Amino acid sequence: PQVTDILTSGGESTAPKGAERIAELQRRCSGQPLSILAGSGLSSANLSSFLQQTAVTRVHLGSAVRVNGNPLLQIDPQRLDAVRAILDQR
C-alpha cells in the first residue's frame with residue numbers, strides 16, 4: 001500500500017494548538033506525493049486563520065459540521081455551509 005495522506009493535529013490535542021508543527025510538515029511535503037490532512041478542533045470560528053497560518057490545503061472536519069457539534073449526529077447544513085464559504089474563499 002502507498003501512503004498519500006497524513007492526518008495530524010501536529011502532535012497536540014487540536015490542530016490549532018499544533019499549527020506551528022503542521023505548518024512545518026506542510027512545508028516539508030511541498031512538491032512531494034504526500035499531503036497533510038489537518039484535523040481535530042477545527043471549526044468555522046478558527047478555520048480561516050488556521051489555513052492562513054499553516055498553508056494546508058486539506059482539512060478533516062468531524063464535529064465542526066455536525067448538529068450541536070456532536071460527532072454522532074447528522075451533518076448540519078448551516079455549519080457545513082459556513083465551513084464551505086471559508087474554504088471557497090481560498
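For clarity, every value in this text was computed on a predicted model and none was experimentally measured.
Pairs engaging residues 38-47 under the salt bridge (Lys or Arg N to Asp or Glu O under 4.0 Å) rule: none recorded [sequence neighbours left out]. Listed by first and then second residue, the salt bridge (Lys or Arg N to Asp or Glu O under 4.0 Å) pairs that reach into residues 34-56 come to none, sequence neighbours excluded. Among pairs with a residue in residues 30-55, none fulfils salt bridge (Lys or Arg N to Asp or Glu O under 4.0 Å), at least two apart in sequence or across chains.
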Identify every side-chain donor-acceptor pair in residues 48-55 under 3.5 Å, counting partners at least two apart or on other chains, and give the distances.
unit_1, atom_1, unit_2, atom_2, d
Ser49, OG, Asn46, O, 3.2
Thr54, OG1, Phe50, O, 2.9
Thr54, OG1, Val56, N, 3.3

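Under the side-chain contact (heavy atoms from CB on, under 4.5 Å) criterion, Glu24 pairs with Arg27, Arg28, not counting sequence neighbours. Not counting sequence neighbours, the partners of Asp88 by the side-chain hydrogen bond (donor to acceptor under 3.5 Å, both in side chains) test are Arg84. Listed by chain and residue number, Asp76 satisfy the salt bridge (charged side-chain N to carboxylate O under 4.0 Å, His left out) test with Arg79 (two or more places apart in sequence, or in another chain). Arg21 pairs by the side-chain hydrogen bond (donor to acceptor under 3.5 Å, both in side chains) definition with nothing, not counting sequence neighbours. Evaluation of the salt bridge (charged side-chain N to carboxylate O under 4.0 Å, His left out) rule for Asp5 yields Arg58 as partners, not counting sequence neighbours. Annotation: side-chain contact (heavy atoms from CB on, under 4.5 Å) contacts of Ser9 (sequence neighbours excluded): Ser40.
Counting side-chain heavy-atom gaps under 4.5 Å among Ile, Leu, Val, Met, Phe, Trp and Tyr, the cluster of Leu37 also holds Leu7.
In this structure, Ser30 OG and Ile36 CD1 are separated by 11.0 Å, a value rounded to the nearest 0.5 Å. Leu42 CG to Thr14 OG1: the interatomic distance, rounded to the nearest 0.5 Å, is 7.5 Å. Taking OG of Ser43 as the reference point, atom CD1 of Ile86 lies at 7.5 Å (rounded to 0.5 Å).
The hydrophobic cluster containing Leu73 does not contain Val65, counting ILVMFWY residues as joined when their side-chain heavy atoms lie under 4.5 angstrom apart, directly or transitively. Two different hydrophobic clusters hold Val67 and Val83 under the rule that ILVMFWY side chains link at heavy-atom gaps under 4.5 Å.
Considering only heavy atoms from C-beta on, Ile6 stays 4.5 Å or farther from Leu25 through its side chain. Counting heavy atoms from C-beta outward, Thr57 and Ser35 have side chains that stay 4.5 Å or more apart.
Judged purely by atom type and a 3.5 angstrom limit, Asn68 has no side-chain atom pairing as donor or acceptor with the backbone of Asn70.
Heavy atoms only, all atoms of each residue included: Gly62 and Arg66 are closest at O-CG, 3.1 Å. Residues Ala64 and Leu61 share a closest heavy-atom pair of CB-CD2, 4.2 Å. Considering all non-hydrogen atoms of both residues, Gly69 and Ser63 come closest at O-CB, 2.9 Å.
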